[in-house]
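Here the structure comes first, spelled out in structure tokens, and everything after it is commentary.
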Protein chains: 2
Amino acid sequence: METGRTLMDVVKERCEHCSGRSLSICNAIDDEDLPALVAESSRISVPSGRSFIEEGAPAHDFYVLTSGRAKLFNLMPDGRRQIVGFAELGDFLGLAASETYAFTAEALGDATLCRFPHSSIDRLIERFPRLRCRLQEEASSELVSLQARLMLLGRKTAKERLASFLVEQARPCCRVGGEAGAERPLTLSLPMSRTDIADYLGLTIETVSRTFGHFKKEGLITVKGASSVTLLSFKELSNIANGVR
Amino acid sequence: METGRTLMDVVKERCEHCSGRSLSICNAIDDEDLPALVAESSRISVPSGRSFIEEGAPAHDFYVLTSGRAKLFNLMPDGRRQIVGFAELGDFLGLAASETYAFTAEALGDATLCRFPHSSIDRLIERFPRLRCRLQEEASSELVSLQARLMLLGRKTAKERLASFLVEQARPCCRVGGEAGAERPLTLSLPMSRTDIADYLGLTIETVSRTFGHFKKEGLITVKGASSVTLLSFKELSNIANGVR
DNA sequence: CGACAGATTGACTTGATTCAAAAAGTGTGG
DNA sequence: CCACACTTTTTGAATCAAGTCAATCTGTCG
């Protein structure tokens with residue numbers, strides 16, 4: 001259902017429904033200039049579970065996610081994994097200033113991307129000066145959200161972590177039904193496995209599963225088949241997430 | 001000893017000895033233009049322990065640290081604290097795109113800063129276009145280092161965390177004696193308390209203290225009066241930091 | 001020197017992990 | 001549509017790394 005969109009479509013759509021937590025090119029490019037941008041890129045399909053960016057590999061290209069989702073992670077030599085983030089529609093990946101990619105990116109379900117050679121970004125920026133401001137804003141907001149994750153990983157309990165995760169996933173773009181803030185139920189469809197959630201929150205799958213169990217027992221959520229979660233009290237979850245007792 | 005330097009001095013020095021982990025204005029401004037930059041700023045002295053940026057306060061100004069150091073942190077309602085980073089000579093603070101500061105910044109020992117009104121940054125960027133590239137590069141490298149800290153907080157053991165911290169503190173700018181990489185001893189002077197280290201690493205002071213103890217017993221470090229630490233085997237500490245068994 | 005904050009050490013507790021097993025999903029082919 | 005095989009998730013019991021509480025110890029500084 002979400003396949004076949006071009007970069008152009010995504011750029012246009014994105015402005016409307018997502019206030020962008022990651023690097024977007026939206027708003028930086030005038031409509032009549034879009035074709036030039038699209039000409040620089042090539043489209044790529046990535047099947048579920050396949051990685052398209054490898055940590056440490058030479059960073060030749062950057063990508064815009066045009067459908068599906070992806071997980072971004074780092075590995076330790078013994079296999080311990082930390083997911084640094086999930087990318088979604090319109091997110092920019094692989095923009096690191098360094099010579100090599102800083103993380104591995106793997107499709108969560110089938111995904112499509114637009115790929116640009118790194119060399120063309122300077123040309124693009126020269127042509128669309130607002131692009132640079134835009135990138136900077138987005139990098140800045142990414143910094144803020146990473147800082148929030150430091151608090152999560154460094155100081156929060158398992159319950160607080162999972163509550164934070166659920167609240168975060170309740171952003172408009174991920175919702176299936178309901179509205180945030182309201183006390184009425186809000187249903188999320190989580191494309192990632194329990195293992196992914198655990199590696200995102202710095203926990204084990206067992207703890208994630210047990211914590212889902214606690215929330216169920218306390219009447220805060222209902223779960224249908226592991227990937228569909230309904231938040232029954234967004235407010236209360238949000239309080240837990242922020243350590244409000 | 002480190003007092004009384006102007007922004008100009010710092011900008012000049014910085015290029016030489018530090019490959020910059022945070023936002024620097026160095027390299028972006030020609031020498032003859034420096035006075036104009038300096039004219040926009042005002043100098044501030046902050047006594048030890050005083051904060052000069054408050055999380056959540058309206059972000060009117062940004063700062064360049066011109067002497068001393070600072071800790072940047074977030075708090076939870078019940079007082080749990082996560083230090084998101086330490087700032088040092090030449091670091092740029094308070095550049096967040098948002099309307100409010102994302103963290104509290106507090107001087108570690110006496111510090112001096114140059115303050116710029118936020119309104120002047122656009123003017124500066126217009127005048128010194130390379131400044132924007134520079135800021136972007138620095139933001140990007142900050143992103144990479146924050147990602148490394150996610151792995152540290154989410155997946156590393158206490159020993160690995162402290163080893164990572166010591167290796168990180170062994171950057172040129174913090175060294176008192178010795179060279180990194182070599183097997184010869186390398187002495188660090190740590191301006192932060194055990195509590196600060198604990199809040200940086202997501203541990204308690206007791207665990208930090210005990211872990212220092214382990215490293216002493218294993219002959220990896222010697223400690224003199226809590227703030228002076230000598231790394232006896234940088235390589236081995238680096239292996240521990242990266243989980244190499 | 002005395003006093004106080006900060007750091008260390010020890011004994012005990014605990015939240016989360018580990019190991020193990022059962023249960024619930026998911027997909028495939030007949 | 002169901003039966004089978006496989007994977008993922010959940011649940012249970014035991015363990016452990018790090019936290020908590022409490023008592024020294026150490027360094028610093030007036």
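Note on naming: letters A, B, ... go to the chains in the order of the sequence lines (proteins, then strands), and numbering restarts at 1 for each one. The model shown is predicted, which means the values in this text are computed figures rather than measured ones.
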For [X] and [N], what is the distance between atoms [atom1] and [atom2] respectively, to the nearest whole Å?
| X | N | atom1 | atom2 | result |
| --- | --- | --- | --- | --- |
| Lys217(A) | dT10(D) | NZ | P | 13 Å |
| Lys224(B) | dT26(D) | NZ | P | 16 Å |
| Glu206(A) | dT15(D) | CD | C1' | 13 Å |
| Ile197(A) | dT8(D) | CD1 | P | 14 Å |
| Leu162(A) | dT9(D) | CG | P | 13 Å |
| Phe212(B) | dT9(C) | CZ | C1' | 16 Å |
| Leu190(A) | dT9(D) | CG | C1' | 14 Å |
| Asp196(B) | dA7(C) | CG | P | 9 Å |

Report task. Decide whether Lys156(B) and Ser164(B) meet the rule of one side-chain donor and one side-chain acceptor closer than 3.5 Å. Result -> yes
Using distance alone, with no hydrogens and no angle criterion, decide if Thr112(A) and Ser67(A) have a side-chain donor and acceptor under 3.5 Å apart. yes
Does Ser209(A) reach a base, just sugar-phosphate, or nothing at all? Heavy atoms under 4.0 Å.
base
query: So what does Ile205(A) hit on the nucleic acid, given a heavy-atom distance under 4.0 Å: a base, only sugar-phosphate, or nothing?
result: nothing
Worksheet entry | hbond_proxy Arg194(A) side chain to dT11(D) base (donor-acceptor, 3.5 Å cutoff) | no
*Spell out yes or no: do the side chain of Arg210(B) and the base of dG10(C) have one donor N/O and one acceptor N/O closer than 3.5 Å?*
yes
5'-most contact on DNA chain C (nearest-nucleotide basis), Ser193(B) vs Gly202(A), goes to Ser193(B)
| query | Centroid-to-centroid, Phe103(A) to Phe73(A), below 6.0 Å? | reply | no
Do Tyr200(A) and Phe86(A) make the cut of ring centroids closer than 6.0 angstrom?
yes
Between Thr207(A) and Ala158(B), whichever has its closest DNA chain D nucleotide further toward 5' is Thr207(A)
**Q.** OP1 or OP2 of dT17(C) under 4.0 Å from side-chain N/O of Thr204(A)
**A.** yes
With Val84(A) as partner, the option from Asp199(A), Thr104(A), Asn74(A) fulfilling side chain to side chain contact (heavy atoms under 4.5 Å, CB included) is Asn74(A)
